[in-house]
Structure formats: C-alpha cells, structure tokens
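The structure appears below as structure tokens.
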Amino acid sequence: MRADSSLEGLPKELLEGLNPEQRAAVETTEGPLLVLAGAGSGKTRVLTHRIAWLIGACGIPAEGILAVTFTNKAAGEMKERVQKLLGPEAGDVWVATFHSTCVRILRREIQHLDRSRAFVIYDESDSLGVVKEALRRHSLDPKSHDPRRLRWRIDQWKNAGLLPDDAGERAEDLDAEQGAELYATYQRLLHEAEALDFNDLLLQTARLFEERPEVLARWQARWQYVLVDEYQDTNRVQYRLVNQLASGHRNLCVVGDPDQSVYGWRGADIRNILDFERDFEDAKVVRLERNYRSTQSILSAAGAVVENNRDRKDKRMIAERDEGDRVGLFEARDEREEAQHVVQSVLEGTRREGRPHGHFAVFYRTNAQSRPIEEELLKYDVPYVVVGGVRFYDRAEVKDVLAWLRLVVNPADAMSLRRALNAPPRGIGKTTLGRAEELAAREGVTLLEGLRRHAAEGAAARTQARVRELFQLLESLSREIREAPPDEAITRVLEHTGYLRHLERESTPEAESRIENLRELLAGAEDFAVANRGVDLGERTPLEVFLDQVALVTDLDGHESRSDRVSLMTAHSAKGLEFPVVFLVGMEEGVFPHAAASREGRAIEEERRLCYVGMTRAMERLTLTWARERRRYGSRTFGVPSRFLGEIPSELVEGDVPEEAASRGEPSLDYSYAQDGAAEAGGEGLTSVVRGMRVRHPIFGVGTVLDVSGSGPRQKLRIRFERVGVKTVVLRYANLEFG
DNA sequence: TCTGTAGGCGTTTTT
DNA sequence: CGCCTACAGA
C-alpha cells in the first residue's frame, strides 16, 4: 500500500456501503475471480470500486489496468464513475470495448502481420459490399447466393475463430466448401483494400498474439489486472483474447450473469462463463444475489419466467425492496390500442405522480415496432427518444463524405473509392470501374491504381479526362486535409467535391434533410476537435483517430439518458439500463419470442433470457402488453399471447393472464426440445428439418435444404434443387421425402 | 452514364 | 410497408 497523502483514508471509503459479497469482489484482487452478478445486484458498482481499490488502495498504476466492456456507453460510464471515486488519480485507466481495445493494439502492431497500420475499419454495409464483390469474382449470381446469408456465415466462422482454411477443412458438403472458398476471396479482398471488418479486429489481434509471443508479452506486462464485464456475452475469439492477456499474471476478474446471455446469435458462447471455474481451477467465485433495483413483484415475475429454462444454473435473486405493485398485463385489440394504453399510462404517471418523462421506457423485440408507439407519443406531444436503430454514421450522405476522408487516409480502400467516386456523380460509371477492377486484379494493384492504369492505357478520351480530374481532386484534397482537424477536413470535402452544391441544387425536402445531417456530422467533428485539442495522439493524425471513433460508435452511445424524455428501444439495447416504469410491448408468439427463434430449444431459451432482461430493467412498475391483431409488413396478422406471459404466476399479475398463454408454457417447451433432440439424433421422428439435409420433391427433384424459417404448419424451407435452382417451399404442402 | 420507375424482396437483436 | 435492385429510356 502506498503512502500517498492524497489517498489517505480513501481505501476505507471505497468499501463503505458495499454488502459483504460486493466487498469480497472488490478486495479479492489477485488471481482469477468470477463474479456472478444477477440483475440489479450492483455489478457496475463492484467493477468501479474494484478499479478504484486497485489504484487507490493497492497502489497499482492506472495504466496497468484493463477493463473491457461491451458497449462504449458502458465504458464511458464506468470511467466516469471511477474518476468520481478517485479524482485525477484515475488517470489513464483503460476502460473500453473489445473492439476499440483491439484497434488500439493493431494500430501499433499490425505490421507484424504484414499489413498496413493505416488500415480502414469496414462496417456491416462495407463488408456486405465486399461479399457481393466476392460473389462476382466467383461468377455467382447474387440471386441464388444471398449475399447477406453468406456474410452472416462468414461472421459465424469468424466468431468461432475460424479462418478460411479452417472453414474449408471442416466443410462437410459442397455448399460449405464453396462458402469457405468465398470466405477466402472475401478475406483477400479485404486485405487488398487494407481493410478489417469488425470481427477481424478481434480475430487478427488473437492471431497476432498467437504468432508473436513477444508482442503478447508486451501487452501482458502492460496490463497487470484485467477486468471483463458482461462475460456471458463473449464469443470464442474474445475468450481467447482474454485468456491470452491474462495467462501470465492470471489477475483476471470476469463479471457476468448467465441469465442475461442474449447474444448467442452473434456468436456469444455461454460456455465461457459456465466453464470459468474449470478453466481456472483456483478461481474464487462471488455471487451477488441481492437485487437493489426492482420491487419484489417485478423480480419474482421475471424470475418465474427465466426459471423455465432448462439449461441454467439454479439461482435465486433476493429482492431488497418491498413488494410494490403487481405486474400489469394489457390485452389490446391491435397495435394502435396497445400504443394508446402505453401513452395514456405515461400521461397519467406524469400528471398524477409528477414523474418526469425520463422515468418511462418502452421496450420491444424489433426496431420496426417503435413506429406505432412513436405516432401515439407525437399525437400527445410527449417528448421521447428512440435509442438505437439506424446508426447516424450509416446514412448514405454521411457515408459518402466519410468515404472521401477514408480514401485520403488509405488509398487502397476500394469500397470507399466506389462510394466517393459518384458522390456526386462525375462521369465514371460501371463500365470504367469494371475495367479498372479487372486490371487491378490482373496486375495485383489497388483499385485506384487500376483506374489510373486503365485510363492511361487507351480508355476513351472522355474517360481519360474524367479520371485525370478525379486524381487531381484527390491529390489536392489529400494535401489539404491529411493533417487537418476533422471538421475542417469535412468542410473541404463538401466544397471541393461539389457534394454540397449537388445537394443544394436538388432543393427537395430529402436533400434538405441530408444537408441537415451533414451539418450534424460537422458538429460532431467539431466536438471531437475540441475534445482532443492538445491531446497527444502519438504518430496518428486527428483525422485517423476521428475515423476510428466513428467506425466504432453506435447510436446507443450518443444518446445519454435524458431525464425529460420517454425512452424507446429494443430489449437488447436495454441491457444494463434501468427505469422506474417499464412497458414491454408486443408480447405475442412470433414477435416475442421471435418467429426465427421459435423452432429451436436453445434459441427459445435465449428469447426467454431476453424477456428476463427486459423485465428486470423495471424498478417500480412493469407492464406487459400484447395485441390480438397487428400490422406486419403491410398486412394484418393475428397473434396469440406470448408463452412468457403464461409463465408468470397469476397472483403477481394485475389483469388477466390470457388463457391461450397460460396453457402454453410447458408443452411448448417440451415440443421445442423434442424437435431439437430429433434433429441431433439424425432427423428421425417428427419432421424436423435442418440445414444441409437432402430432400426429394415430387416436381423439383433432389435438393439440399439451405435454410429453415418459421415454425409449425407455416414452416418454410429454402432448398437448392439440382435441376431447378433455389426454391422456397412450405413444408406442409410440399410432400417432401427425406434421406 | 445518369435518372426514374417498377417490381421483388425480406424484416432480429449489434460491436 | 419500405428498401434496394434491375432495368428502360434519355
């Protein structure tokens, strides 16, 4: 312990107000520690106090600590709270997401993998563009090979830590083999563009650590204490990274709650937390089971739902608060009535109890469900904010401008070139680009260089002139903005490329709103410039750092919780938050649980955990609503109440548990398991169809199942038939033979 | 090469 | 229902 006068008395203070378990989690600083932190048990408090304890009481230098979180928002909050506890002593503690941590490492070390340190980060749509390009290179029709499906598949491989060769080795059929080849092409294209997609950030870092032990050793030495938040949501690659970083000193503290694991679809592997004690035999385990957030009724109701999961460690949360109101249940005729109920309740709460709008939150399963609620809120002038959804930086006009910036930083970036090229249009079209691409592939140069050579080698005079103009523009732009602060760089791009003039000339309301978004982009860049004035960025330019940040922020991070607005968001986005009054809407089969999850046991359990997450965000009042009728993709559909409603004991509920839901819980669970089991056993028993299965259709002949969607009588199959290509058939009517 | 329109399509959750 | 793509016409 160090005798720094400014810290005297602090250590004691850091433990005040913590319960014995929380205190143990803070004080157990050495060696592996697993903190099983149930919902509302003061997890963030433990993490922040632990960091403060390490610095303030144990004398660990701030920069020796790494704390990894899931979202930028969580990271920001945690850092802020540590600073509040310690003051300036908090200094350089590194609290960040996995992704930004990896970016930081790669920006310094990626040359060891033979790559450029000026790499660009491709987001989902960039990456989809690369997938399409890969399909083109293999002369495959995007109609029969859905690019999104392939992208998803590549993602799954990456989440599992598999590189193209690994995927190829494991391929069991032609389809998988072809997929692996496409994956290889995809990686090659990324490499040629000096680009990394989101998953590459993690995967390449893990690879780097494996291939270069001396590099790993440096980072191990730097971060003597590692903390990981939301450990239940880590995937295999993140697991590898954590183990690599902690394998020397083993001062690893992971915090999580298996009941809140809701990212399995994204490759999160719940085994990571369930097996922690096996991975580290000497691990200490602390359980935080006192809930300080919710009333007894809310907690019991949520617990009753999640208890139905079979694959679960038994756990009981103890409510510290009193019983409170029963959980509300509302049956609406349709989605409009549902919205009306929510908004009327909000109005009542504000009038009668004087609650600010910020007390209320509405959660739904999918982003598309926000609309009717928004319309109703607008009708009564209730201020609200939609959290998540379309990322600001995903808007076309914003991406256009950013493409120019990215191109200046990294001229190899083919996707940005494609974008920037025609923003605004400058007479270089498909044909020219296609030729340039061919040339680039043939001669092994970047797309930009291919374009230059194509123009030099006898393209039409017109094209030549236009390409020359483009290069002049790029060169002068590059000279001017390379070292400039991002706000100035954006201004220059808007001027010199003629993008702004192009929009102004349109003078439509749409163009007007685009210009408005660009102003917002500019304002964001100004904020960045102000925040980073005088900050040492090392060898990197402000523009480069700005682009990194832009690539990794989500819409979630920007909107801080405001006290004067109702919050609307998906149940996923709600994780980690809390609100006094919560509405969980759209509680119908097919909506929540989502139809895509209804067929598989494991997926249903994840839906149930998601429901648990949503319910446990509520502090004082929780209302679940469902609608008999709902407009979905333009047409009316009829819904039955969610099985989750039937899992809540009626004595905890205000209002009637719908009969249909009450009778569901058990049998539906068994059914899903029966189906799952049959699939694993090789397809006997009920018609349980899985991907890759061979089938015979009376008309179309023999084929392979590509995908299964929906459940029950409406279950649909996408099948690639040998003779007639890909068709979608309804299982019930198709008369398929299996085997 | 660009722009407008008609049709097809799929729609889970996100770093 | 709204987004995106493919296609036709200038």
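Numbers restart at 1 for each chain; the letters A, B, ... are given by sequence-line order, proteins then strands.
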B:dT13 base stacked by A:H572 (centroids within less than 5.5 Å, tilt under 30°): no
Please state how far atom [atom1] in [X] lies from atom [atom2] in [N], giving the value in whole angstrom units.
X      : N      : atom1 : atom2 : result
A:W152 : B:dT14 : CH2   : C1'   : 15 Å
A:Q238 : B:dT14 : CD    : P     : 16 Å
A:D123 : B:dT14 : CG    : C1'   : 12 Å
A:L421 : B:dC2  : CG    : C1'   : 14 Å
A:F198 : B:dT15 : CZ    : C1'   : 6 Å
A:R266 : B:dT12 : CZ    : P     : 15 Å
A:E335 : B:dT11 : CD    : C1'   : 16 Å
A:F70  : B:dT13 : CZ    : P     : 15 Å

For the side chain of [X], counting heavy atoms from C-beta on, which of [options] is nearest?
X      : options                : result
A:N422 : B:dT1, B:dC2, B:dT14   : B:dC2
A:T432 : B:dT14, B:dT1, B:dT13  : B:dT1
A:A596 : B:dT12, B:dT3, B:dT13  : B:dT12
A:T570 : B:dT15, B:dT12, B:dT14 : B:dT14

Listed partners of A:Y384 passing side chain to side chain donor-acceptor pair (under 3.5 Å), at least two apart: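 Applying side chain to side chain donor-acceptor pair (under 3.5 Å) to A:Y384 gives A:E374.
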Partners meeting side chain to side chain donor-acceptor pair (under 3.5 Å) with A:T97 (sequence neighbours left out): A:S100
Closest heavy-atom pair and its distance - A:R426, A:L421: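 Smallest heavy-atom distance, with atoms named: CG-O, 3.0 Å.
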For A:Q232 against A:D257, the heavy-atom pair lying closest together: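 That closest heavy-atom pairing would be OE1-N, 3.0 Å.
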DNA chain B: 5'-proximal contact among A:N367 and A:R426 (nearest heavy atom): A:R426
Nearest-nucleotide 5' precedence on DNA chain B, A:E606 against A:H502: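 Mapping each residue to its closest nucleotide by heavy atoms, the 5'-most match is A:H502.
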Assign [X] to base, sugar-phosphate, or nothing according to its heavy-atom contacts below 4.0 angstrom with the strands shown.
X      : result
A:R371 : sugar-phosphate
A:Y263 : sugar-phosphate
A:K132 : sugar-phosphate
A:R631 : nothing

Under the salt bridge (charged side-chain N to carboxylate O under 4.0 Å, His left out) test, residues paired with A:R271 that sit two or more places apart: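 By the salt bridge (charged side-chain N to carboxylate O under 4.0 Å, His left out) rule, A:R271 matches A:D269.
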Sequence-distant partners of A:R617, salt bridge (charged side-chain N to carboxylate O under 4.0 Å, His left out), two or more places apart: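 Salt bridge (charged side-chain N to carboxylate O under 4.0 Å, His left out) list for A:R617, sorted by chain: empty.
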Residue pairs fulfilling salt bridge (Lys or Arg N to Asp or Glu O under 4.0 Å) with at least one residue in residues 463-473 of chain A, sequence neighbours excluded: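 The answer is none; no pair qualifies.
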Spacing of A:E588 atom CD and A:E629 atom CD [to the nearest 0.5 Å]: 11.0 Å
Nearest-Å distance once atom P is located in both C:dA6 and B:dT11: 16 Å
Presence of A:T431 side-chain N/O under 4.0 Å of B:dT1 phosphate oxygens OP1/OP2: yes
Under 4.0 angstrom between A:R148 side-chain N/O and B:dT11 OP1 or OP2: yes
Nucleotide interval of DNA chain C bounded by contacts with chain A (heavy-atom cut-off, under 4.0 Å): C:dC1 to C:dT5
